[in-house]
Protein chains: 2
Amino acid sequence: MRDVTTARTPTRNRGNRRTEILAAAATLFAARGFHGVSIEDIGGAVGVSGPALYRHFSGKEALLAELLLDVSSRLRESAVAAVTSPGSPEDTLDALLNVQITFALEQPALITVHDRELGNVPEPARRQIRRLQRLYVEEWVTVLAELHPACPPPRLRAATHAMFGLLNSTPHSAGELRPEAMRPLLRAMARAAIASIATIG
Amino acid sequence: MRDVTTARTPTRNRGNRRTEILAAAATLFAARGFHGVSIEDIGGAVGVSGPALYRHFSGKEALLAELLLDVSSRLRESAVAAVTSPGSPEDTLDALLNVQITFALEQPALITVHDRELGNVPEPARRQIRRLQRLYVEEWVTVLAELHPACPPPRLRAATHAMFGLLNSTPHSAGELRPEAMRPLLRAMARAAIASIATIG
DNA sequence: GAGCGATGTTAGTCATCATTAACGTAATCG
DNA sequence: CGATTACGTTAATGATGACTAACATCGCTC
């Protein structure tokens, strides 16, 4: 009389604990910074204590690396999907906005860690994360370039970063507004901000 | 035959070293986070080594506290000046934008530390910094409320934070654009973003 | 039902680090 | 001059923290 519905892989709940740890670490890193969080803290947050983490990760830095690698590849994947789906440049921009806004609203901790802690990732992984981040930005720049052909790329890049700053402000205004109200606000502000870059220079 | 031109206070270069330390600490904290920087690092950055800092500050946390207290009071002071000077709400908004943009462009390290490290400031000072930050935000909200009377305050507050995010993106787009080009871009994007908040809801 | 792999536990170990102690030195001031 | 003050220096000291070792346990598979 065993429960067969939970389709267990060869090794039972394999991966749950791992995922749990990643989530807890993201929250803690976002709140106190990589060096402000101890292995003990992370373990404690998931109900195991300390060195248990080494059964799942080779070390603290590896944990961070996996976190950032995961975020940056998911972001890039979603961006590629948005860009390759058919539609006008305006449609594509809207799709990109949705990607970033959804991420910012649903995973504020990951977003925070993603743009603060790259410096603590050891070298092999760091390069790859940087590459993914760069590719993500370039998806945006490409679309913006279609909408504003007269705008030089450096300005487009700066504008893109400014927009990320705007959208990623969600951790700061946590609690001010419900997500359902935050989403249209961010979308409107970001759209307007982008539209404005044609009006200067 | 002494040099009298350098108007020395009772104690020679008093305060130079102190200021130098604060500046170095800001840069390091911005780059690696409070816990990622050692007292030795900060000392090294100004050419003295380690425990010399205790001649100027009571400890690492006190150093951070002074940094944040200084930033938040300067921001608030400038905001008050902008708000109390005569002019239309639009003029006042422009003045506020100039305050924040100038700060973001000229002191990116301080801006970065200012919105990341509050959690590491010990309690007496933390409350005061929070208070100053809140007051700063309220200056913005008050002006925005005049421009958008129909907009509920929580939305104004969220929009204000989003705009700070936009303007404070300068550390991320460092090098993309020269400050002379960055300033009008940020101003245009921020103005447009703010104008857009009336168009929803 | 013995062996094994996955997963934890607790008790080291070894660095790093904030902070303090003990001790110069040079300039200022009486 | 002689003392005090401002500033530094190099050794402790005491915590904390990442990581390792040695030792369970438990669910499976054979």
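Residue numbers start from 1 in every chain, and the chains themselves are labelled A, B, ... in the order their sequence lines are given, proteins ahead of strands.
An OP1 or OP2 oxygen of D:dA6 is reached within less than 4.0 angstrom by no side-chain nitrogen or oxygen of B:His56.
Distance from the side chain of A:Ser38 is smallest for D:dG17 among the nucleotides D:dT20, D:dG17, C:dG8.
Whole-Å rounding puts the B:Ile42 CD1 to D:dG8 C1' distance at 17 Å. Rounding to whole angstrom units, CG of residue A:Leu53 and P of D:dA18 are separated by 10 Å. Regarding B:Asp41, its CG atom lies at a distance of 7 Å from the P atom of C:dC17, rounded to whole Å. Spacing between atom CZ of A:Phe57 and atom P of D:dC19 amounts to 13 Å, rounded to whole angstrom units.
Against DNA chain D, the stretch residues 21-35 of chain B makes no heavy-atom approach under 4.0 Å.
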Checklist entry - In the 5'-to-3' direction, what one-character label does each nucleotide of nucleotides 9-16 of chain D receive under the scheme B = base within less than 4.0 Å of a protein heavy atom, S = sugar-phosphate only, - = no such atom? => result BBB-----
What pairs of donor and acceptor atoms, side-chain ones from residues 164-177 of chain B against any protein atom, are under 3.5 angstrom apart with sequence neighbours left out?
from	atom 1	to	atom 2	distance (Å)
B:Asn168	OD1	B:Gln100	NE2	2.8
B:Asn168	ND2	B:Phe164	O	3.4
B:Ser169	OG	B:Leu166	O	2.8
B:Thr170	OG1	B:Ala104	O	3.0
B:Ser173	OG	B:Ser169	O	3.4

Would you be so kind as to tabulate the donor-acceptor pairs closer than 3.5 Å made by side chains of residues 108-115 of chain A, with sequence neighbours excluded?
from	atom 1	to	atom 2	distance (Å)
A:Thr112	OG1	A:Pro108	O	2.9
A:His114	NE2	A:Gln133	NE2	3.1

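Judged purely by atom type and a 3.5 angstrom limit, B:Thr27 uses its side chain to pair as donor or acceptor with the backbone of B:Ala23. One N or O on the side chain of B:Glu117 and one on the backbone of B:Phe34 form a donor-acceptor pair closer than 3.5 Å.
A salt bridge links A:Arg191 with A:Asp94: the distance from a Lys NZ or Arg NE/NH1/NH2 to an Asp or Glu carboxylate oxygen falls below 4.0 Å.
Rounding to the nearest 0.5 Å places CG of A:Leu185 at 7.0 Å from CD1 of B:Ile197.
Legend: residues meeting side chain to side chain contact (heavy atoms under 4.5 Å, CB included) with B:Ser73, ordered by chain and number and at least two apart, are B:Leu132.
Each salt bridge (charged side-chain N to carboxylate O under 4.0 Å, His left out) pair with one or both residues in residues 19-37 of chain A, not counting sequence neighbours, appears once here: A:Arg17-A:Glu20, A:Arg32-A:Asp41.
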